[in-house]
Colleague: 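Please read through the structure below; I'll follow up with questions.
Whatever order the structure lists them in is the order used to number ligands and atoms, beginning at 1. Just so it is clear, the structure is predicted and the values come from calculations on it, not from any experiment. Along the sequence shown, residues carry numbers from 1. All heavy atoms count here, side chains included; hydrogens, waters and symmetry mates do not.
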Amino acid sequence: MKNLFGLTLPELETELKSLPKFRVKQIAAHIYKHGMKTFDEMNDLPKSLRAEMSTRYEIKTAELLTQLDSADGLTTKFLLGLSDGAAVEIVLMRHDYGNSVCISSQVGCQMGCKFCASTLKGLQRNLTAAEMLGEILFADEYLRRFGKTLDSIVVMGTGEPLMNYDELMKMLRLLHEDYCLGMSYRRVTISTCGIVPAIKKLRDEKIPVTLSISLHAPDDKLRSALMPINSAFGIKSLLEAANDYAQTTGRRVTYEYILIGGVNDTEEHARRLAKILSGQLANVNLIPFNPVSERDFNPPTRNAVQKFFHFLNTHGIGATIRKEMGADVNAACGQLKANWQNQNH
Ligand code: SAH
């Protein structure tokens, strides 16, 4: 049986070419906007058509394997199973300014950042556009059951989205269609470790998504030690590409900076960071390192976080401290999956 989930309207029209266009549009809206998983639910279609569709097609998307709610009810983490048995995590966050979902772009990751749990087993495979959209629609459908809406999306879970560029673009364009969620590009954030040629390509797509750069160090020596990608694309070329992205799209770039105790969290690091970012259309988001058992790093002290934050803000760089959400649901990448796999395999 052929799976229709993930096809764009023109692709559905080609696949269902015996049907009038308005019917195909109805079906597209039922699949994406209304979250229907069977043709039987589509009761504005003739019964005979529903029966025929059911013999030839299916609407298959990610299925829930397990879920974990934080004690404060603000964060829910879901482990979703894909058709080949792979599993991905998504995190739903309920902020005062709206509901947001953090999705994964790959199964595993090849980037090798030294502080990150997602890359420990390398890259298994890219996710398809349909699978990424499935992650988003899962969160949307879950919220709608409680009368809530999904307001924004961050591609900041497992994987490097810009290493899965074409499928990412296909997903973003589909998400934006009015027969799908009609999601404004401005409500989407793409987080990258700094694939400079892909940032330049993204700039030219004319889709004003927000770009978030995982910077994590103010000089090439330290950044290359923490993030191998920096040996290919150093800080200077990364900042140039990011600045150019901001100028062209008018979208302020966010720099993520994990504070790791004793590694990159001193006043001297803050000074160098302020220096390299001065004059950029940028915000810095400080993230206290989330301890990963396989990684030999420590979180920063509360005092170090406050000092770093204060230094940036008094030296012309707008900074925020990432609100710690869902520490009790292991919001650090990859941990729910690891626990589930240990119990079930
Ligand atoms: N590959 C993309 C998106 C996935 S990582 C990127 O690098 O941006 C999402 C964010 O989580 C990145 O900023 C990453 O550096 C950060 N991160 C990874 N491990 C972390 C940890 N143990 N504690 C805090 N943040 C972490």
Colleague: Among Leu259, Ile190, Ile258, Ile260, whose heavy atom sits nearest atom 20 (C) of ligand 1?
Modeller: Ile258
Colleague: Taking ring-ring contact (aromatic ring centres under 6.0 Å, His included) as the cut-off, I'd like each qualifying pair that reaches into residues 36-72, sequence neighbours left out, listed once.
Modeller: none
Colleague: Do Thr61 and Leu133 come close enough that some side-chain heavy atom pair is under 4.5 Å?
Modeller: no
Colleague: Which of the numbered atoms in ligand 1 are under 4.0 angstrom from any heavy atom belonging to His216?
Modeller: 13 (O), 14 (C), 15 (O)
Colleague: Any side-chain heavy atom of Leu45 sitting closer than 4.5 Å to one from Arg23?
Modeller: yes
Colleague: May I ask you to identify, for Ile213, whether its side chain, its backbone, both or neither come under 4.0 Å of ligand 1 on a heavy-atom basis?
Modeller: neither
Colleague: Between Tyr32 and Glu177, do the side chains contain a donor N or O and an acceptor N or O under 3.5 Å apart?
Modeller: no
Colleague: Is the terminal nitrogen or CZ of Lys114 (NZ for Lys, CZ for Arg) located under 6.0 angstrom from the six-membered ring centre of Phe297 and within 45° of that ring's axis?
Modeller: no
Colleague: Answer yes if the side chains of Thr248 and Arg203 hold a donor-acceptor pair under 3.5 Å, and no otherwise.
Modeller: no
Colleague: Quiz question: by atom type and distance under 3.5 Å, do the side chains of Glu41 and Thr38 form a donor-acceptor pair?
Modeller: yes
Colleague: May I ask you to list the atoms of ligand 1 that are less than 4.0 angstrom from any heavy atom of Cys116?
Modeller: 18 (C), 19 (N)
Colleague: Using a 4.0 Å cutoff against the non-hydrogen atoms of Cys193, which atoms of ligand 1 qualify?
Modeller: 6 (C), 7 (O), 8 (O)
Colleague: Select the closest option to atom 3 (C) of ligand 1 among Pro299, Gly159, Cys109, Ser214, judged by heavy-atom distance.
Modeller: Gly159
Colleague: When only distance counts, is Ile287 in polar contact with ligand 1, meaning an N/O pair under 3.5 Å?
Modeller: no
Colleague: Hey, is ligand 1 close enough to Glu256 that some N/O pair sits below 3.5 Å?
Modeller: no
Colleague: Val292 heavy atoms, cut-off 4.0 Å: which ligand 1 atoms fall inside?
Modeller: 22 (N)
